[in-house]
There are 2 protein chains.
Amino acid sequence: MQNSEAMALSTTLLAIAGELTQRINEGVVARGFDGVRPAHGFAFVRLAPDGATVTELAVHLGVTKQAASQLVDEIVRKGYAERRAHPGDARARLVVLTERGWACTRAAEEAAAEVVRGWGQLLGEGEVRALHEQLGRIAPYGRIRPTW
Amino acid sequence: MQNSEAMALSTTLLAIAGELTQRINEGVVARGFDGVRPAHGFAFVRLAPDGATVTELAVHLGVTKQAASQLVDEIVRKGYAERRAHPGDARARLVVLTERGWACTRAAEEAAAEVVRGWGQLLGEGEVRALHEQLGRIAPYGRIRPTW
DNA sequence: GCCGGATGGTCAAGTAGCTTGACTACCTGC
DNA sequence: GCAGGTAGTCAAGCTACTTGACCATCCGGC
C-alpha cells in the first residue's frame, strides 16, 4: 500500500472520528444535558462501571491528575458525579456517577446509536458489524487520548 | 443493534483515532520536524494541492479565521509555509507550503503508512482495503474538526 | 464612475483547559 | 515507627482558542 493511500485512510478515519464526536455531543446537548464537553463523555465511560479515583481517570484520559481533578470538579458542580470516600484508602476518593450522570450516559448511547444507524443505512447492518469487529482488532488497550 | 453496542463501536473508533493521531505526530517529530502539532497536519492537507487562503483554511479546520491566521503565522515562522500575493484578489493572501512543508507532509505520510502497515499485520491487506472502502462510504464531506 | 455593503485579513484582549510546581494527608515496607 | 511513595488539592503560568474592532479591497446597483 502506498504512503498516500495510508494517509487517505488516516484522514478519512480522523474525519469520521471528528464528525462522530461532534454528532454525539450535539445529540447529548439536544437531550437536555448542557454544559457537557466530549472530554466529559470519555470520563463517564471510565466512571460508569464502578466509579474511579481521580488518578485512574487521569491515566484513562491521558492528562495530569490536576486536570482530571478540575474536570471532576466541573462534573460534580454540574450534578453528573459526586465524590465519595474510598473504601480501604483514606487518601483516595471514589468518583461515581449520579443518576443524572447515568441519564447523560444513556443519552450519549442513544446519540451514538443514531449515528451508527446512519452508517447502517449506507453500509448495511452486516458491514457495520464487520467494521466493528475489524476496528476491535486494531484498537489500542486502555486509555483514550481525547486531545489531538 | 443495541445502543450499548453502538457506543462500544464509537468508543473503539475514537480510541483508534486518538492513537493514530498520536502515532503520526510522533512519527513526524521523530523524522526531525519538531514544533508541529496535529492541527498543523490538518492544515497541511488543505494547503497541499495548490495553497489556500486563511479563510478557506479556517473553514476546513472549523475554527475562526483569527485562529487560522495565528496558525499560519506559526507555520510560516517555522518555515513550513509562506504567504504569497493572491492572483486576482488583492485582499486575500495565498498560503502555500514551502519545500520543508512538503517534506513534512511526506514524513506524515510515511508515519501514517507505518501505522497502517501494523493494521495490515493484524487484519491482512485485504481487510484493510475493505476497511478503507467502508470508511470512505461513511465519511463526511469537506472539513475536519480537529478539536473534540 | 462611484458608493455601500460584503469579504479577506490582522490586531488586541479575554477565556478555558491544560501544564508544572509545591504542598498535605495517608499508605506501605523495612 | 520511620522513610519513601502515592492520592489529591492549591496556585500560578501557558497556549490555543474565542469575541470584538478595525482597515483594505472587491463588487453589484444606480
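Proteins get letters first, then strands, A, B, ... in listed order; numbering begins at 1 in each.
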Problem - Short side-chain N/O contact from B/Arg83 to OP1 or OP2 of C/dT10, under 4.0 Å - result: yes
Problem - Lys/Arg N to Asp/Glu carboxylate O, A/Glu114 vs A/Arg31, below 4.0 Å - result: yes
Handout entry: Residue closer to the 5' end of DNA chain D, A/Arg91 versus A/Gln70 (nearest nucleotide)
Key = A/Arg91
Exercise for the section: Measure from the side-chain heavy atoms of B/Thr64 and tell me the nearest of D/dC17, C/dG9, D/dT19. Expected result: D/dT19
Exercise for the section: Mind checking A/Ala90 for me? I need base, sugar-phosphate or nothing, with any heavy atom below 4.0 Å counting as a touch. Expected result: sugar-phosphate
Fill in the blank from the handout: The answer to which of A/Ala68 and B/Lys65 contacts DNA chain C further toward the 5' end, by nearest nucleotide, is B/Lys65
Problem - Whichever of B/Gln66 and B/Glu74 has its nearest DNA chain D nucleotide further upstream toward 5' - result: B/Glu74
Problem - Presence of B/Ser69 side-chain N/O under 4.0 Å of C/dG9 phosphate oxygens OP1/OP2 - result: no
Handout entry: Presence of salt bridge, A/Glu99 and A/Arg106, under 4.0 angstrom
Key = yes
Problem - For atom CG of A/Leu57 and atom C1' of C/dG17, their distance in whole Å - result: 15 Å
Practice task
Using only heavy-atom distances, determine whether the side chains of A/Arg129 and A/His132 contain a donor-acceptor pair under 3.5 Å.
Solution key: no
Problem - Nucleotide C/dA16, atom P - distance to NZ of A/Lys78 in whole Å - result: 10 Å
Practice task
May I ask you to say what A/Thr55 touches in the nucleic acid, namely base, sugar-phosphate or nothing, with a heavy-atom cut-off under 4.0 Å?
Solution key: sugar-phosphate
Problem - N or O in side chain of B/Arg37 less than 4.0 angstrom from D/dA16 OP1/OP2 - result: yes
Exercise for the section: Would you indicate what B/Thr53 reaches in the nucleic acid, counting non-hydrogen atoms under 4.0 angstrom: base, sugar-phosphate, or nothing? Expected result: sugar-phosphate
Practice task
Using the rule that two of Ile, Leu, Val, Met, Phe, Trp, Tyr join whenever any of their side-chain heavy atoms come within less than 4.5 Å, decide whether B/Leu94 and B/Val59 are in one cluster.
Solution key: no
